[in-house]
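Here is the structure we will look at.
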Amino acid sequence: MAKTYTLPPLPYAYNALEPYISQQIMTLHHDKHHNAYVTGANAALDKLEKARAGQLQIDVRGVLRDLSFNVDGHKLHSIFWPNMAAAGKGGGTPGGKLADKINADFGSFDKFKQQFGDAAKAVEGSGWALLLYDKEIDSLVMTQIEKQNFMHLAELPIILSIDCWEHAFYLQYLNDKGKYVDAWWNVANWDDAGKRFDKASK
Ligand code: MN
């Protein structure tokens with residue numbers, strides 16, 4: 001029997017990120033989009049299992065592409081939700097070791113915020129801006145992800161993520177992705193990002 005993925009609940013209410021991210025966006029984003037990735041990942045696993053049992057003919061390349069797209073969508077959103085905190089509780093600046101590391105690697109928090117924000121705003125089409133930690137060079141590194149496929153190759157732990165797909169902002173910000181990214185900093189959860197960094201850099 002194939003293992004299955006499950007949709008985690010949001011760690012706050014659907015309207016908790018208002019006015020920066022609307023209840024309507026959060027409801028659709030979590031209940032429809034993220035849920036579809038969970039369903040899609042489980043469907044792909046099921047197809048692979050049935051194919052192994054001789055019950056189904058599949059195009060394995062297509063199914064693995066579905067699997068990657070949906071599992072990565074599930075994993076990224078599972079990080080993205082706790083990477084944000086309720087309005088009034090999020091935002092500000094990081095503390096602890098992450099703050100020191102950002103200062104060391106980027107020069108200052110403001111320089112980091114500028115460059116990471118620019119990376120998020122410059123995502124072409126659907127994608128993500130991610131802050132990762134690479135132990136090999138003991139450094140924070142930024143990346144843009146096109147759509148959400150093929151994340152497994154990187155294998156670097158994610159510290160901070162901004163979902164830049166249109167479904168993350170369009171209902172509220174229309175085509176102004178820059179305004180969404182600028183507002184997003186108000187709900188950044190630095191406690192969560194700091195915990196991720198502490199674990200990654202241990
Ligand atoms: Mn999304």
Side-chain angles (χ1 to χ4, degrees), residues 4-45 64-87 89-91 113 116-132 142-193 196:
T4 54
Y5 293 100
T6 53
L7 180 68
L10 283 182
Y12 34 68
Y14 288 99
N15 65 359
L17 306 185
E18 290 193 344
Y20 306 110
I21 302 177
S22 72
Q23 176 171 356
Q24 185 185 33
I25 286 176
M26 292 303 290
T27 303
L28 292 170
H29 199 170
H30 178 267
D31 292 7
K32 301 296 180 187
H33 292 279
H34 188 169
N35 191 49
Y37 302 139
V38 171
T39 306
N42 291 335
L45 288 178
L64 290 183
R65 191 174 173 81
D66 277 352
L67 185 67
S68 169
F69 177 82
N70 286 294
V71 172
D72 289 339
H74 168 54
K75 300 280 187 189
L76 282 168
H77 286 87
S78 297
I79 292 171
F80 182 59
W81 308 132
N83 248 185
M84 299 186 286
K89 292 183 182 164
K113 188 176 169 185
F116 193 67
D118 285 348
K121 293 172 190 178
V123 166
E124 285 184 318
S126 299
W128 295 73
L130 302 178
L131 180 69
L132 312 170
M142 300 186 302
T143 190
Q144 291 177 327
I145 299 295
E146 288 185 15
K147 293 192 276 187
Q148 59 204 24
N149 246 1
F150 312 129
M151 285 287 299
H152 297 303
L153 297 181
E155 212 182 273
L156 300 181
I158 296 169
I159 311 301
L160 194 68
S161 60
I162 303 184
D163 188 337
C164 299
W165 285 54
E166 286 185 347
H167 68 222
F169 65 87
Y170 209 90
L171 287 170
Q172 187 173 1
Y173 294 97
L174 301 180
N175 59 330
D176 198 344
K177 190 190 292 186
K179 199 172 168 192
Y180 157 69
V181 171
D182 288 341
W184 187 87
W185 294 104
N186 291 297
V187 293
N189 186 342
W190 292 113
D191 285 344
D192 183 65
R196 289 178 192 281

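Indexing begins at 1, ligand by ligand and atom by atom, following the structure's order.
Counting only residues at least two apart or on different chains, the side chain to side chain donor-acceptor pair (under 3.5 Å) pairs with a member in residues 177-192 are Asn83-Asp192, Lys121-Asp182, Asp192-Arg196.
Taking the Mn ion (ligand 1) as the corner point, the angle from His167 atom NE2 to His77 atom NE2 is about 140° (rounded to 10 degrees).
Not a single N/O/S atom of His33, whether from backbone or side chain, sits less than 2.8 Å from the Mn ion (ligand 1). Taking 2.8 Å as the criterion, His34 does not count as a coordinating residue of the Mn ion (ligand 1), since none of its N, O or S atoms falls below it.
In terms of distance to the Mn ion (ligand 1), the nearest N, O or S atom of Asp163 is named OD2.
The backbone N or O of Gly127 lies less than 3.5 Å from no partner atom in the side chain of Gln144, so there is not a single donor-acceptor pair.
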Worked check of side chain to side chain donor-acceptor pair (under 3.5 Å) between Asn70 and Tyr5: CA-CA 10 Å; Asn70 286 294; Tyr5 293 100; over 6 Å; no
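Residues Trp165 and His77 place their aromatic rings such that the two centres sit no closer than 6.0 Å.
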